[in-house]
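Input: a single structure, listed below in structure tokens.
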Amino acid sequence: MDATGTEILIARELVHAVLFFHQKRKDKRENQILDRLAGEADWKSPQDMRGANYLRILVEDLQLGTTHLESAKSGWKKWFNPIIFYLLEIRHRFRKRFLTSENQIADSMRSLWKSGFLDRTAHNPACYRLKESLLSKRDHSFLRPSKAA
């Protein structure tokens with residue numbers, strides 16, 4: 001096999017690996033949505049789902065950074081305060097960048113609706129809830145098995 005054939009094989013395997021991890025992450029996100037909706041009978045929109053899970057984490061990061069910044073005004077802590085503040089800022093920006101977006105949650109909820117796991121309201125098509133037949137299953141046996149395992 002020449003160099004071009006090897007490069008094609010490597011590129012193909014990289015594409016397969018990226019697709020595999022993308023599908024694994026999507027399945028995990030859908031299972032989290034199903035698990036979250038299993039505990040509640042109310043209608044939920046993607047904004048509600050994101051607000052309940054992810055925005056709480058981001059707000060806690062910001063509060064921790066500002067309170068830590070104000071608490072150290074003298075002594076050796078004032079020298080380490082900027083370092084700690086920038087580490088908290090890096091963590092906050094990382095979480096903000098890599099946490100699931102509202103569009104990804106909406107796409108996952110839409111695919112779960114098409115798969116028959118969720119009901120959709122007639123007056124607001126962005127709101128979903130778990131089907132009545134699945135709400136009675138408290139053991140969460142309806143969760144999709146991970147294809148990666």
Side-chain angles (χ1 to χ4, degrees), residues 1-69 72 77 79-121 124-149:
M1 202 179 290
D2 59 346
T4 359
T6 306
E7 291 168 358
I8 291 173
L9 286 175
I10 291 172
R12 187 179 71 188
E13 291 304 316
L14 284 174
V15 167
H16 284 300
V18 167
L19 291 175
F20 171 77
F21 286 115
H22 184 272
Q23 184 64 37
K24 186 177 175 181
R25 187 172 179 193
K26 183 181 172 200
D27 289 344
K28 181 181 175 187
R29 182 172 48 243
E30 288 178 356
N31 281 341
Q32 287 174 344
I33 290 171
L34 286 173
D35 191 33
R36 176 94 176 151
L37 290 175
E40 302 172 11
D42 295 337
W43 297 94
K44 294 287 182 188
S45 68
Q47 295 89 1
D48 296 337
M49 297 294 290
R50 186 164 195 267
N53 292 337
Y54 303 114
L55 294 181
R56 177 183 47 83
I57 294 170
L58 295 177
V59 168
E60 286 175 0
D61 277 352
L62 287 176
Q63 289 174 350
L64 180 64
T66 55
T67 56
H68 186 79
L69 182 64
K77 287 185 178 180
W79 300 106
F80 289 106
N81 197 26
I83 296 169
I84 293 171
F85 178 74
Y86 286 123
L87 290 175
L88 291 171
E89 183 70 21
I90 289 169
R91 183 180 73 173
H92 170 70
R93 289 183 186 272
F94 178 80
R95 286 181 173 177
K96 189 175 176 183
R97 169 97 173 121
F98 290 107
L99 287 177
T100 307
S101 71
E102 189 177 310
N103 291 335
Q104 290 173 331
I105 294 173
D107 290 342
S108 294
M109 291 179 89
R110 196 175 307 111
S111 83
L112 287 169
W113 170 68
K114 289 179 182 176
S115 299
F117 287 102
L118 301 179
D119 284 332
R120 199 162 146 176
T121 62
N124 186 1
C127 290
Y128 301 89
R129 73 172 173 194
L130 202 61
K131 285 202 171 197
E132 294 293 331
S133 59
L134 297 176
L135 270 175
S136 61
K137 296 182 179 181
R138 293 293 176 198
D139 60 350
H140 300 256
S141 60
F142 54 84
L143 291 180
R144 295 179 170 183
S146 178
K147 295 174 185 168

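Positions are given from 1 along the sequence. In this text the structure is predicted, and so the values were computed from the model without any measurement.
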Closest approach of S111 and E30, non-hydrogen atoms and distance? OG-OE2, 2.7 Å
Value for CG (N31) from CZ (R36), rounded to nearest 0.5 Å, stands at 15.5 Å
C127 side, atom SG; Q47 side, atom CD - distance, nearest 0.5 Å: 8.0 Å
D48 CG to E102 CD distance, which is reported to the nearest 0.5 Å: 9.5 Å
On a heavy-atom basis, the closest approach of L118 and Y128 is CD1-CB, 3.9 Å
Do side-chain atoms of R120 reach the backbone of P125 as a donor and acceptor pair under 3.5 angstrom? yes
Cationic N near anionic O, under 4.0 Å, D107 to R110: yes
For D119 and W113, the nearest pair of non-hydrogen atoms, with its separation, is C-CD1, 4.3 Å
Hey, what do you get for CZ (R29) to CD (Q104), rounding to the nearest 0.5 Å? 4.5 Å
Working to the nearest 0.5 Å, report the span between OG of S108 and CG of D27. 9.5 Å
pair K28-K24: side-chain heavy atoms closer than 4.5 Å: no
Rounded to the nearest 0.5 Å, what's the gap from CD1 on I33 to CG on L112? Could you check? 6.0 Å
Closest heavy-atom contact between L37 and K44? CD2-CG, 3.6 Å
